[in-house]
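Working notes, beginning with the structure itself.
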Amino acid sequence: MSQSQTQNESNVSKLDPNWRNDALDLGLDYGMQTIAVRAGQHRTDEGEHSEAIFTTSSYVYTSAADAAAHFNGDKTGNVYSRHTNPSVRTFERRLAALENGERAVATASGMGAILTMCLAYLKAGDHLLAANQLFGSSIGLFNNYMAKFDVEVSYVDCFDNDAWAKAVQPNTKVIYCESPSNPLAQICDIEYLSQLCKANDILLVVDNCFATPALQRPLDLGADVVIHSATKYLDGQGRVLGGALVGSDALMQEAFTVVRSGGISMSPFNAWVFTKGLETLKLRMQAHCQNANQVADFLVNHPNVSTVHFSGLSDHPAHELATRQHHMKGGYGAIMGFEVKPSASLDSKAAAWHVIDSTQMVSITNNLGDAKTTITHPATTTHFRLTAEARAEAGVKDGLIRLSVGLEDVEDIIKDLARGLDSL
C-alpha cells in the first residue's frame with residue numbers, strides 16, 4: 001500500500017478537529033450564565049481564549065479523496081461557508097444549549113428564519129394557523145408569498161385557546177405564534193398549544209425573540225421549534241442582522257437544507273457578534289426587565305395613557321400565565337405597548353406622534369431589544385403595510401406606541417416619556 005493511499009484512507013476516516021464535542025461538557029449540568037459564556041467554542045491550535053472569527057468562504061482539503069469524503073458525507077467537516085462555518089457553528093451550538101434544544105440553524109435575518117421555517121415545514125395544500133398578534137412583516141410573508149404558493153393561512157387571537165382549537169383543520173401542519181407578541185406583548189399558552197399540536201400531528205413554532213431563553217424556553221414548554229430574530233436581544237446593541245431556529249436534530253436538518261440550498265446564511269462576523277452578545281444576555285435581560293417594570297408602573301398611572309399592554313402588570317389578563325411561563329422571577333420582557341388618549345386639539349394618531357416627537361433621549365426607530373430605549377408608532381411603521389382591518393384585528397390602533405425599554409437610568413427614560421405625555 002502506498003503512502004498516498006494510507007494518507008487518503010486516514011483522511012476519510014477521521015473527524016475534523018473543529019467538529020469535536022463542545023469544549024464545555026453540557027452533561028455536567030452547568031448554569032445558564034456559564035453556558036452563555038463558554039458553550040460551543042472550539043479552540044484552534046493557536047490557543048485563542050476569545051472565539052475566533054473565520055472570515056473564509058471555502059476550506060482546503062488534504063487530498064482529492066478528503067474533498068470527496070467531505071462532499072459525499074463520509075467525513076464530517078466544513079465544505080463551504082454557505083453550508084457551514086466555524087464561527088456560525090459556535091453561535092448555533094451556544095444558542096441551542098441555552099434554549100435546551102438539540103441543534104440550532106442560523107440565518108441571515110429574523111425574517112430569513114421565518115421564511116426557512118415556512119419552506120422547511122410547509123408545502124402547497126397545507127394550512128398555517130397563526131396568531132393575529134404578529135410582526136407586520138411576518139403577516140406580509142404569510143399572506144403575500146406563502147398564500148401565493150397555495151399554503152392556506154388563517155389567524156386567531158393568541159390568547160383564545162378555544163379559537164385555536166376550533167381553527168385547526170385536517171391540513172393544518174404548523175401553528176405559529178409570538179409570545180410575547182409584537183407590539184402588544186401578548187402571551188400565548190404554550191403548554192396548551194403544545195397539547196393541541198401533539199393531538200393533531202402539528203408542529204408548534206414559537207417566536208421567542210422578545211423573551212429570549214433568559215426568560216423563557218418554549219421547547220421545555222412543549223414547542224417543537226423556536227424562532228429568533230437574533231438582531232434584537234441576542235445581540236443587544238443593534239449592531240448586526242441575523243436569525244435562528246432551534247429544535248430537534250431532525251427538524252433542524254430540514255431547516256439546514258433550506259438554508260444551504262437557498263443561501264439564507266449568516267455571516268461569520270455577525271455570528272461572532274451574536275456569540276459575544278449571548279455572554280451577557282441573562283444579565284442584560286435582568287436589567288431590561290427591572291427598568292421595564294418601573295416604566296410600566298409610570299405609564300399605567302399617567303392620566304394621558306388609556307391602556308398599557310404589558311404582562312408584568314398584576315391586572316394584565318395574562319399576568320398569571322406569563323409568571324408561570326417565564327422562569328426569571330419578575331421577568332416579563334422589556335417591550336410594551338401603550339395607548340395615548342387624544343386631546344382637545346389632537347386625535348389619537350397626532351397625540352401619539354406628539355409623545356414620540358417630544359422625546360429628547362429615546363431613539364425614534366423601529367428596532368428593538370437594544371441597550372438604547374427605542375420608540376415607534378406601529379400603525380405607521382412596523383404594521384403600516386397591513387390593511388386597516390388587519391391592523392384592527394392585531395390591536396394596532398392609531399394611538400398605540402411601542403416602547404422597547406433599554407438600559408439607561410430608568411429615571412431618565414421616565415422623564416423623557418413624561419415630556420410629551422405631560423404636555424398633551
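Only this structure's heavy atoms are used, side chains among them; waters, hydrogens and symmetry mates stay out.
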With side-chain hydrogen bond (donor to acceptor under 3.5 Å, both in side chains) as the criterion, how do N208 and Q216 come out once you've worked through the C-alpha distance, each side chain's angles and the decisive distance to 0.1 Å? CA-CA 8 Å; N208 199 32; Q216 172 181 267; 2.8 Å; yes
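- With no hydrogens or angles considered, a side-chain donor-acceptor pair links T280 and R284 at under 3.5 Å.
- Checking side-chain atoms of S348 against main-chain N and O of G399 turns up no donor-acceptor pair under 3.5 Å.
- For the pair L299/F310, no side-chain contact is recorded, criterion being any heavy-atom separation below 4.5 Å from C-beta on.
- Between L417 and I413 there is a side-chain heavy-atom pair separated by less than 4.5 Å.
- Within a 6.0 Å sphere centred on CZ of R385, other residues, nucleotides and ligands contribute 12 heavy atoms or fewer.
- The closest side-chain donor-acceptor pair between R239 and N270, if any, does not fall under 3.5 angstrom.
- Side chain of T90 to backbone of P86: a donor-acceptor contact under 3.5 angstrom is found.
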| task | In sequence, state the C-alpha distance, the side-chain angles, and the governing distance for N366 and R402, and then conclude on side-chain hydrogen bond (donor to acceptor under 3.5 Å, both in side chains). | result | CA-CA 9 Å; N366 57 294; R402 189 190 72 192; over 6 Å; no
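- The distance from the CG atom of L215 to the CD atom of Q286 is 9.0 Å, given to the nearest 0.5 Å.
- The closest donor-acceptor contact from the side chain of S363 to the backbone of T365 lies at 3.5 Å or more, if one exists at all.
- Looking at heavy atoms from C-beta onward, N200 lies out of side-chain contact with T172 at the 4.5 angstrom threshold.
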Q) Passes side-chain contact (heavy atoms from CB on, under 4.5 Å), T307 versus H309? Steps please. A) CA-CA 6 Å; T307 308; H309 302 276; 3.7 Å; yes
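- The pair D422-R419 fails the salt-bridge criterion, with no side-chain N (NZ, NE, NH1 or NH2) lying under 4.0 Å from an Asp/Glu carboxylate O.
- Expressed to the nearest 0.5 Å, how far CD1 of I356 lies from CD1 of I375 amounts to 5.0 Å.
- Under a 3.5 Å cut-off, the side chain of Y30 and the backbone N or O of A39 do not form any donor-acceptor pair.
- Residues H127 and S154 bring a donor and an acceptor atom of their side chains to less than 3.5 Å of each other.
- Atom CZ of R260 has more than 12 heavy atoms from other residues, nucleotides or ligands within 6.0 Å.
- Rounding to the nearest 0.5 angstrom, the gap separating the CG atom in N367 from the OG atom in S229 is 7.5 Å.
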Does the side-chain contact (heavy atoms from CB on, under 4.5 Å) test come out yes or no for I335 and N182, once each step is laid out?
CA-CA 8 Å; I335 311 298; N182 186 357; 5.7 Å; no
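- Within the 4.5 Å cutoff, side-chain heavy atoms of I227 are placed close to those of M117.
- When atom types are taken as modelled, the side chain of D370 and the backbone of G406 share no donor-acceptor pair closer than 3.5 angstrom.
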K276 vs S50, side-chain contact (heavy atoms from CB on, under 4.5 Å): CA-CA, chis, key distance, verdict = CA-CA 9 Å; K276 305 309 288 183; S50 181; 3.4 Å; yes
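- The side-chain heavy atoms of K397 and K349, taken from C-beta on, include no pair separated by under 4.5 Å.
- Summarising the geometry, atom OG1 belonging to T380 is positioned 8.5 Å from atom CG belonging to D398; distances are rounded to the nearest 0.5 Å.
- Using a 4.5 Å heavy-atom cutoff, the side chains of D357 and T359 are not in contact.
- When atom types are taken as modelled, the side chain of D409 and the backbone of D412 share no donor-acceptor pair closer than 3.5 angstrom.
- Atom NZ of K341 has more than 12 heavy atoms from other residues, nucleotides or ligands within 6.0 Å.
- Remark: N301 CG is packed, more than 12 non-hydrogen atoms of other residues, nucleotides or ligands lying under 6.0 Å away.
- For the residue pair E178/Q186, the side-chain donor-acceptor check at 3.5 Å is not satisfied.
- Remark: E320 CD is loosely packed, at most 12 non-hydrogen atoms of other residues, nucleotides or ligands lying under 6.0 Å away.
- Side chains of D126 and N171: no donor on one and acceptor on the other come within 3.5 Å.
- Ring to ring, Y176 and F142 are close: their centroids are under 6.0 angstrom apart.
- A donor and an acceptor atom, one from each side chain of H228 and E99, are located under 3.5 Å apart.
- Under the 3.5 Å distance criterion, the side-chain polar atoms of S261 are matched with a main-chain donor or acceptor of T257.
- Atom CG of residue L193 and atom CG of residue L221 lie 10.5 Å apart, to the nearest 0.5 angstrom.
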Exercise. Could you give me the CA-CA distance, side-chain angles and deciding distance for R89 and N78, then say whether side-chain hydrogen bond (donor to acceptor under 3.5 Å, both in side chains) is met?
Key: CA-CA 10 Å; R89 189 165 61 253; N78 296 307; 3.1 Å; yes
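- With W164 as the aromatic partner, K166 does not meet the cation-pi criteria of under 6.0 angstrom to the ring centre and within 45 degrees of the ring axis.
- Proximity of a side-chain donor or acceptor of T231 to a complementary backbone N or O of G242 within less than 3.5 Å is detected.
- Although no hydrogens or angles enter the test, the distance criterion places a donor-acceptor pair under 3.5 Å between the side chain of Q325 and the main chain of I190.
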**Report entry** E48 vs R43, salt bridge (charged side-chain N to carboxylate O under 4.0 Å, His left out): CA-CA, chis, key distance, verdict
**Finding:** CA-CA 6 Å; E48 70 280 354; R43 293 190 178 94; over 6 Å; no
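- Counted within 6.0 Å of CG on D29, heavy atoms from surrounding residues, nucleotides or ligands total 12 or fewer; the atom is thus considered open.
- For the residue pair N143 and Y155, a side-chain donor N or O sits within less than 3.5 Å of a side-chain acceptor on the partner.
- With respect to E279 and R94, a salt bridge is recorded, a charged nitrogen being found less than 4.0 Å from a carboxylate O.
- Counting only distance, with no hydrogens or angles, the side chain of S306 and the backbone of E339 share a donor-acceptor pair below 3.5 Å.
- From L321, atom CG reaches atom CG of D189 across 5.0 Å, with rounding to the nearest 0.5 Å.
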task = Under the side-chain contact (heavy atoms from CB on, under 4.5 Å) rule, what do F210 and S179 come out as? Steps first, then yes or no, please.
result = CA-CA 7 Å; F210 281 15; S179 189; over 6 Å; no
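- Side-chain polar atoms of E51 and S87 form no donor-acceptor pair below 3.5 angstrom.
- Inter-residue side-chain proximity for P183 and V396 is flagged as met; some heavy-atom pair is nearer than 4.5 Å.
- T381 and T376 are linked by a side-chain donor-acceptor pair at a separation below 3.5 angstrom, with hydrogens and angles left out of the test.
- Side-chain contact check for L278 versus F274: every heavy-atom pair is 4.5 Å or farther apart.
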- prompt: Going through the distances and angles, do Y59 and T84 end up as a side-chain hydrogen bond (donor to acceptor under 3.5 Å, both in side chains)?
  reply: CA-CA 10 Å; Y59 305 88; T84 59; 5.2 Å; no
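- Relative orientation of the H288 and Y233 rings is perpendicular, given thresholds of 30° and 60° on the angle between their planes.
- Ring geometry for H326 versus Y332: interplanar angle of 30 to 60°, hence tilted.
- For E389, the CD atom sits in a loose shell: 12 or fewer heavy atoms of surrounding residues, nucleotides or ligands are nearer than 6.0 Å.
- Taking the centre and axis of the six-membered ring of F256, the NZ or CZ atom of R103 falls inside the cone set by 45° and 6.0 Å.
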